[in-house]
2 protein chains.
Amino acid sequence: MTLKTHNHKDELRDVALKATPARMAILDFLEKEHRPVDVPALLSYLTKSDIDIDQATVYRILDKFYKGNIIKRLEFQEGKFRYEITHTDDHHHLICEQCGAIEDISDCGIEVLEKEINKKKKFLVKRHSLEFFGVCAVCQR
Amino acid sequence: MTLKTHNHKDELRDVALKATPARMAILDFLEKEHRPVDVPALLSYLTKSDIDIDQATVYRILDKFYKGNIIKRLEFQEGKFRYEITHTDDHHHLICEQCGAIEDISDCGIEVLEKEINKKKKFLVKRHSLEFFGVCAVCQR
DNA sequence: CTTCGTGCAAAATGTTTGCAGTTTC
DNA sequence: GAAACTGCAAACATTTTGCACGAAG
């Protein structure tokens, strides 16, 4: 069992955001889901949880969370964004193009590459996106 | 000087696509531009070149090209797609968040990682996306 | 009580589709 | 001439915005 030093309220206070029911529910959902979620999924969860919320509000909340570095914003070549809780480790995703399964992968050793880029190209890397698309183990059978 | 074994007409015939003026112009533009372009940029170029084309047609052409592997489809966290001619080398991009400059970078050594993923996770990688966001040399000054 | 957050409606942006007419091979 | 391609208009999906009301600290 891990020691939880922060709850959602603290998390929000840390970035000067008020702890509203909608925000708490969104954090709950993002934490519960073990994959990056899109806005439709978020909305349908909120509706099912009897939280009546407008999509505009959801986008505004996600924007605040993103800017406060509480969540990450990802693109899986779908023409829309997905969001996931910011974790301490730098991980990426394996996206199965057949069933849509999303696996995590860590330790891609990309920091080395970033340093090299900085040295060779004088480009200061702030963040990167790295996703793999293919066929998962189950779909290969 | 490099030997050009293929022109645009051949390129299209190779993937069973008819060589129409619009398609030739789009290939011209994508070849001329040294950065991944979005649809608005493509449309404005075509208009300036007195090629009257509907956006629906542009999207349909890009779709065909993408499926024929003539072009690549990229996302730079902008909520839209960008396209570039498919090159033989596997390169990625450094995107300056301040001025929008896009530099190429090669030899990221990601094939090694893909093989590892295949072995460890039994996930068959077909393609990947890797982009770096940060500040370019000019904007750092 | 002031600032921040939300709902509602509308719009902006990017992309896709149906269908009738046109072009390419 | 058949199949592929295109224009037009409309629809669709995602995301953003203005404004008035409501809630949190």
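So that the names make sense, note that chain A is the first sequence line, chain B the second, and so on, each numbered from 1.
Annotation: cation-pi geometry not satisfied between A:Arg73 and A:Tyr83 (NZ/CZ under 6.0 angstrom from ring centroid, within 45° of ring axis).
Taking atom CD1 of B:Ile53 as the reference point, atom C1' of D:dC8 lies 13 Å away to the nearest angstrom. Separating the NZ atom of B:Lys18 from the P atom of C:dC25 is a distance of 7 Å, rounded to the nearest angstrom. Atom CD1 in B:Ile61 sits roughly 8 Å away from atom C1' in D:dT6 (whole-Å rounding). When the C1' atom of C:dT22 is taken as reference, atom CZ of B:Arg23 falls 14 Å away, rounded to whole Å.
Side-chain atoms of B:Lys80 and base atoms of C:dT15 include no donor and acceptor less than 3.5 Å apart. Within 3.5 Å, no donor on the side chain of B:Arg73 pairs with an acceptor on the base of C:dG14, nor the reverse. One can find a donor-acceptor pair under 3.5 Å joining the base of D:dG18 and the side-chain atoms of A:Arg60. Within 3.5 Å, a donor on the side chain of A:Gln55 pairs with an acceptor on the base of D:dT15, or the reverse.
Between A:Pro36 and the options A:Lys72, A:Glu131, A:Glu84, a side chain to side chain contact (heavy atoms under 4.5 Å, CB included) holds for only A:Glu84.
A donor and an acceptor atom, one from each side chain of A:His8 and A:Asp28, are located under 3.5 Å apart.
Applying the 4.0 Å criterion to OP1 and OP2 of C:dT23, one finds that B:Thr20 has every side-chain N and O outside that range. For the pair A:Tyr59 and D:dT15, the criterion of a side-chain N or O lying under 4.0 Å from OP1 or OP2 is met.
Proximity of the aromatic rings of B:His93 and B:Phe76 is defined here by a centroid distance below 6.0 angstrom, and this criterion is met.
Among the nucleotides D:dT6, C:dG5, C:dT6, the one closest to the side chain of A:Lys64 is C:dG5. Picking from D:dT14, D:dG7, C:dG7 the nucleotide with the shortest atom distance to the side chain of A:Pro40 gives D:dT14. Nearest to the side-chain atoms of A:Asp54 among the listed nucleotides C:dG5, C:dC8, C:dT6 stands C:dC8. Comparing D:dT6, C:dT15, C:dT17 against the side chain of B:Ala56 picks out C:dT17 as the nearest.
When heavy atoms are screened at a 4.0 angstrom cut-off, A:Pro21 is found touching no nucleic acid atom at all. Contact annotation for A:Asp52: backbone-only contact, meaning every heavy-atom pair under 4.0 Å involves sugar-phosphate atoms and none involves a base.
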